[in-house]
Amino acid sequence: MSTLSAEAGTGRPTAGGGEPVVGATVPEAAEPAELAPAARLWPALSAVYRAQLSRARVARIPLLFVATFQSIGIMVLMRGVVAAGPGEEARAVVAGASVLVVAFVGLNLLAQYFGQLRAAGGLDHYATLPVPPAAVVLGVAAAYASFTVPGVLVTALTGSLLFQLPLTGLWVLLAVIPLSGAALAGLGAALGLLAPRPELATVCGQLGMSAALLLGVLPPSGMPLPLQWARDLLPSTYGVEALMATFEPAPDWGSVMVDLGVCAAVGVVSLLLAAWAYRHAARR
């Protein structure tokens with residue numbers, strides 16, 4: 001029985017004697033298919049945001065009520081020891097309690113989410129998608145921060161009425177919420193991604209929220225110097241300072257813009273840290 005062999009240099013099959021077989025062909029090696037181009041940042045961010053928003057809507061709305069009632073309860077308790085009016089204590093209580101809603105959702109819950117996602121292997125799913133790491137972090141952070149908007153507005157309005165503070169400057173919340181939310185969400189994501197165990201991520205998130213409570217609600221002038229330094233390092237501090245300034249009888253809008261600018265810069269650094277932590281955790 002004759003065997004077929006490829007004629008050297010021609011790629012044509014030949015019989016055992018070396019003569020080419022008429023009509024016989026050898027399929028050429030298939031070229032590898034080209035990979036799809038990586039998704040751009042903004043379309044990928046939008047897709048992650050919509051997916052996370054639809055998934056978290058049912059589970060996070062009850063927690064948002066808890067965060068709002070917690071902040072309002074703190075203001076009611078502080079009303080017994082802090083006089084109403086545009087004093088520093090009243091302004092600090094209302095501004096700190098309002099931003100605390102952002103800290104509860106963006107810092108505490110996001111640290112728990114990424115800690116559980118890493119422990120359950122969910123990062124492997126995101127790592128296989130052609131999306132930039134920043135899109136994953138920003139999309140999830142934006143989805144969680146979106147749930148804070150109603151709670152912050154209700155808390156700030158309730159506190160302003162409770163402590164008899166002016167309502168004319170509350171429009172600055174349109175900048176305070178996303179900027180403080182980005183800074184705290186980036187920190188929460190980094191804590192969850194870098195923690196070796198999900199339990200530690202939960203503890204870190206709760207400690208961060210407690211720091212936002214104590215350092216945000218209390219007036220800075222009465223704090224010891226080390227606590228004032230710690231307060232300056234907290235990402236939400238500058239959002240609290242901007243909101244506090246709007247409660248003054250004659251707000252210094254230049255100072256408000258500076259605080260918002262610092263909050264935005266801290267938010268960028270925080271989100272960059274979270275993106276690095278995501279790449280580091282996905283490679284492990």
Side-chain angles (χ1 to χ4, degrees), residues 48-80 82 90-117 138-163 165 167 170-189 191-192 198-199 201-218 234-236 239-240 243-244 247:
V48 174
Y49 172 77
R50 291 195 302 270
Q52 288 295 324
L53 197 65
S54 61
R55 291 182 58 187
R57 183 180 294 114
V58 176
R60 300 310 176 192
I61 286 181
L63 295 176
L64 176 59
F65 281 111
V66 172
T68 304
F69 292 150
Q70 172 184 264
S71 295
I72 294 177
I74 290 171
M75 291 190 299
V76 172
L77 291 175
M78 295 296 293
R79 182 63 181 85
V82 174
R91 292 186 287 111
V93 169
V94 176
S98 300
V99 177
L100 182 62
V101 179
V102 183
F104 181 86
V105 177
L107 178 57
N108 186 23
L109 296 185
L110 207 58
Q112 296 180 32
Y113 173 80
F114 274 107
Q116 296 172 357
L117 190 69
L138 285 172
V140 176
Y144 273 70
S146 297
F147 291 104
T148 66
V149 176
V152 175
L153 295 177
V154 171
T155 302
L157 181 61
T158 303
S160 299
L161 297 176
L162 187 64
F163 287 88
L165 297 175
L167 304 176
L170 290 183
W171 60 266
V172 81
L173 288 173
L174 297 176
V176 170
I177 293 174
L179 295 180
S180 298
L184 291 171
L187 180 60
L191 291 175
E199 296 82 3
T202 300
V203 171
C204 290
Q206 292 177 348
L207 289 176
M209 188 192 66
S210 300
L213 167 62
L214 297 176
L215 300 178
V217 173
L218 299 178
L234 192 66
S236 60
V240 174
L243 185 57
M244 281 181 60
F247 293 134

(request) Under the side chain to side chain contact (heavy atoms under 4.5 Å, CB included) rule, collect the residues that match up with Ala201, sequence neighbours excluded. (result) Ala195
(request) Applying side-chain contact (heavy atoms from CB on, under 4.5 Å) between Leu107 and each of Val102, Leu191, Leu234, report the one that passes. (result) Leu191
(message) If I take atom OG1 from residue Thr202 and atom CD from residue Gln206, how far apart are they, to the nearest 0.5 angstrom?
(response) 6.5 Å
Taking only distance into account, with no hydrogens and no angle test, what donor-acceptor pairs under 3.5 Å do side-chain atoms of residues 148-160 form with protein atoms, sequence neighbours excluded?
unit_1, atom_1, unit_2, atom_2, d
Thr148, OG1, Ala145, O, 2.6
Thr155, OG1, Gly151, O, 2.7
Thr158, OG1, Val154, O, 2.7
Ser160, OG, Ala156, O, 2.8

(message) So, using side chain to side chain contact (heavy atoms under 4.5 Å, CB included) as the criterion, who are the partners of Leu218 when residues are at least two apart?
(response) Met223
(message) Quick check for you: to the nearest 0.5 Å, what is the distance between Leu179 atom CG and Ser236 atom OG?
(response) 12.5 Å
(request) Can you sort out the partners of Val203 under side chain to side chain contact (heavy atoms under 4.5 Å, CB included), two or more places apart, ordered by chain and number? (result) Leu207
(request) Report the distance from atom CE of Met209 to atom CG of Leu214, rounding to the nearest 0.5 Å. (result) 10.0 Å
(request) Measure the CG-OG1 distance between Leu100 and Thr68 for me, rounded to the nearest 0.5 Å. (result) 10.0 Å
(message) The criterion is side chain to side chain donor-acceptor pair (under 3.5 Å); which residues satisfy it with Gln70, sequence neighbours excluded?
(response) none
(message) Holding to side chain to side chain contact (heavy atoms under 4.5 Å, CB included), I want the full list of residues that pass it with Ala185, two or more places apart in sequence or in another chain.
(response) Leu110, Ala141
(request) Among residues two or more places apart or on two chains, list those pairs meeting salt bridge (Lys or Arg N to Asp or Glu O under 4.0 Å) that have a residue in residues 91-117. (result) Arg91-Glu248
(message) Quick check against the 3.5 Å criterion: does Arg79 have a side-chain atom that pairs as donor or acceptor with the backbone of Leu162?
(response) yes
